[in-house]
Amino acid sequence: MITEVYEKINKDLKEIDPEIYDLIVKEIIRQGEGINLIASENYAFKAVLQAMGTPLSNKYAEGYPKKRYYSGCEYVDIIEELAIKRLKELYKAEYCNVQPHSGAQANMAVYFAILRPGDTILTMSLNCGGHLTHGSPVNFSGIIYNVVHYEVSRANELIDYDMIRDLAIKYKPRLIVAGASSYPRVIDSKIIAEIAKEVEAFFMFDMAHYSGLIAADLYPSPVNHADFITSTTHKTLRGPRGGVIIAKKEYEKLINKWVFPGIQGGPLMHVIAAKAVAFKLAQSPEFKDYQRQVLINAKILAEELKNQGIRIVTDGTDSHMVLCDLRSIGLTGKEAENILNEVGIFVNKNVIPFDPQVPAVTSGIRLGTPAITTRGFKEQETKELAKLIALALKEPNKKDYIKSKVIELSQAFPVYKIYL
Ligand SMILES: Cc1ncc(COP(=O)(O)O)c(C=O)c1O
């Protein structure tokens, strides 16, 4: 149910475009009724949504604070300066750029700043947890650059740092990339920085998944180790959809030039305002408590699924993410995603290291605890959820029972109380 308050605030939209209004309402209800375990998603802070839904969206502000190509930028200048100041404080960084429209564009800006077509980049293989923009053949990064991949060890599924060093010495990449979409463990940026130094390569750390945990000092920070750090702002950070770049001060001019005019036009000032709000909230003690609970919940989820006979990749987690190998219960990732979707638990199928299945099928699912923790799930609810997941996967005839339990759980922890 949508509240009267919500209807009143959105009266114009409802009248002008009932079709879109209805679909938004349906999506809000879907987000509220289901349980979201998609590791890359979260519920943004309400204040973040409020900053985004403003006339700041109307403003063109090509350029940077006090050096714009448009007039009337006096207020958006202050907003962008605040976002920059807060992001620098949050990560103890020397320089940052808050304009990238997305994580992919943050990565693109760094690549364009330091690489030329045909240059070699050394990145984690997608099969082992790397991201599309880390050299996938279907992405610009794999099309423009010569990509060499490092992998995790077959024995323990942890990053093989010796392999990174051997490949770096052999191929002399111009850039080494770390950071991942589905690697649940700590990544040692200090070792990779040393390797990069040895072979005179740049080092970029894409912290898109871990940025909230890093902001709360609960995951090792790549700042001071990597030359460039990129991130999204909408995952563990609970900000708006978007990207950022952090770097050493010496790269300020280069990176700024490659974000604008290099790859983007006008910055999204409503999103930059919302980023500023998220960076402020991420400095609060409550945010640290939240991230602590994200980690606790992820450990409980991994432990309980393991107790239920599901193999956990790397045998556990140091982050918000748990990767399950479903061969242990005779299912594919695709089958598991569909079964869980039917009972209102949202997850994504995911390749596991050295996956024998194609990416459209996979042997695994990736689970993440940021969204359920935002809702207020603690140890007890997470344990209950893990049991429901295992039951759904192992006993499909109990679907109706599980679905009713999922609704019960989600109703006890409403998202955005104003809407529902
Ligand atoms: C590690 C990593 N880098 C970059 C991105 C791309 O972010 P966006 O979807 O905002 O382009 C993602 C998104 O999932 C990611 O996981």
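Counting starts at 1 for both ligands and their atoms, in listed order.
- Residue-level proximity to ligand 1 for Ala208 is carried by the side chain, the only part with a heavy atom below 4.0 angstrom.
- With respect to the salt-bridge test (charged N to carboxylate O, under 4.0 angstrom), the residues Arg292 and Asp289 qualify.
- Salt bridge status for Asp318 with Arg185: present, with a side-chain N to carboxylate O gap under 4.0 Å.
- Close approach of ligand 1 to Asp206 is summarised as follows: ligand atoms under 4.0 Å from at least one heavy atom of the residue are 1 (C), 2 (C), 3 (N), 4 (C).
- Under a cut-off of 6.0 angstrom, the local environment of CZ in Arg241 is sparse, with at most 12 non-hydrogen atoms contributed by other residues, nucleotides or ligands.
- Counting atoms of ligand 1 from 1 in the listed order, those under 4.0 Å from a heavy atom of His209 are 16 (O).
- The protein heavy-atom contact nearest to atom 6 (C) of ligand 1 is His131 CE1, 3.4 Å.
- Two rings, from Tyr95 and Tyr251, have their centers 6.0 Å or more apart.
- Considering backbone and side-chain N/O atoms, Gln105 never comes within less than 3.5 Å of an N/O atom of ligand 1.
- For His234, the closest heavy-atom approach to ligand 1 falls below 4.0 Å.
- Taking distance alone, with nitrogen or oxygen atoms compared against 3.5 Å, Ala104 approaches ligand 1 more closely than that limit.
- At least one heavy atom of Ala180 sits closer than 4.0 Å to an atom of ligand 1.
- Protein heavy atoms are found less than 4.0 angstrom from atom 14 (O) of ligand 1.
- For atom 16 (O) of ligand 1, the closest non-hydrogen atom on the protein side is Ser181 OG, 2.9 Å.
- A salt bridge (charged side-chain N to carboxylate O under 4.0 Å, His left out) with Arg68 is found for one member of Glu80, Glu62, Glu74 and no other, namely Glu80.
- Using bins of under 30°, 30° to 60° and over 60° for the plane-to-plane angle, the ring pair Phe203/Phe205 lands in the perpendicular bin.
- Residue, atom and distance of the protein heavy atom nearest to atom 10 (O) of ligand 1 are Gly103 N, 2.9 Å.
- Residue contacts with ligand 1 include Lys235, since one or more of its heavy atoms lies under 4.0 Å from the ligand.
- Look at Lys387 and Glu384 and you find no salt bridge, because none of the NZ, NE, NH1 or NH2 atoms lies under 4.0 Å from a carboxylate O.
- Ring geometry, Phe112 versus Trp258: the interplanar angle exceeds 60°, so the pair is classed perpendicular (tilted spans 30 to 60°).
- Ring centroids of Tyr69 and Phe260 are separated by less than 6.0 Å, placing the two rings close together.
- Here is the list of ligand 1 atoms found below 4.0 Å of a heavy atom in Ser102: 10 (O), 11 (O).
- Those atoms of ligand 1 with a heavy atom of Thr232 less than 4.0 angstrom away are 7 (O), 10 (O).
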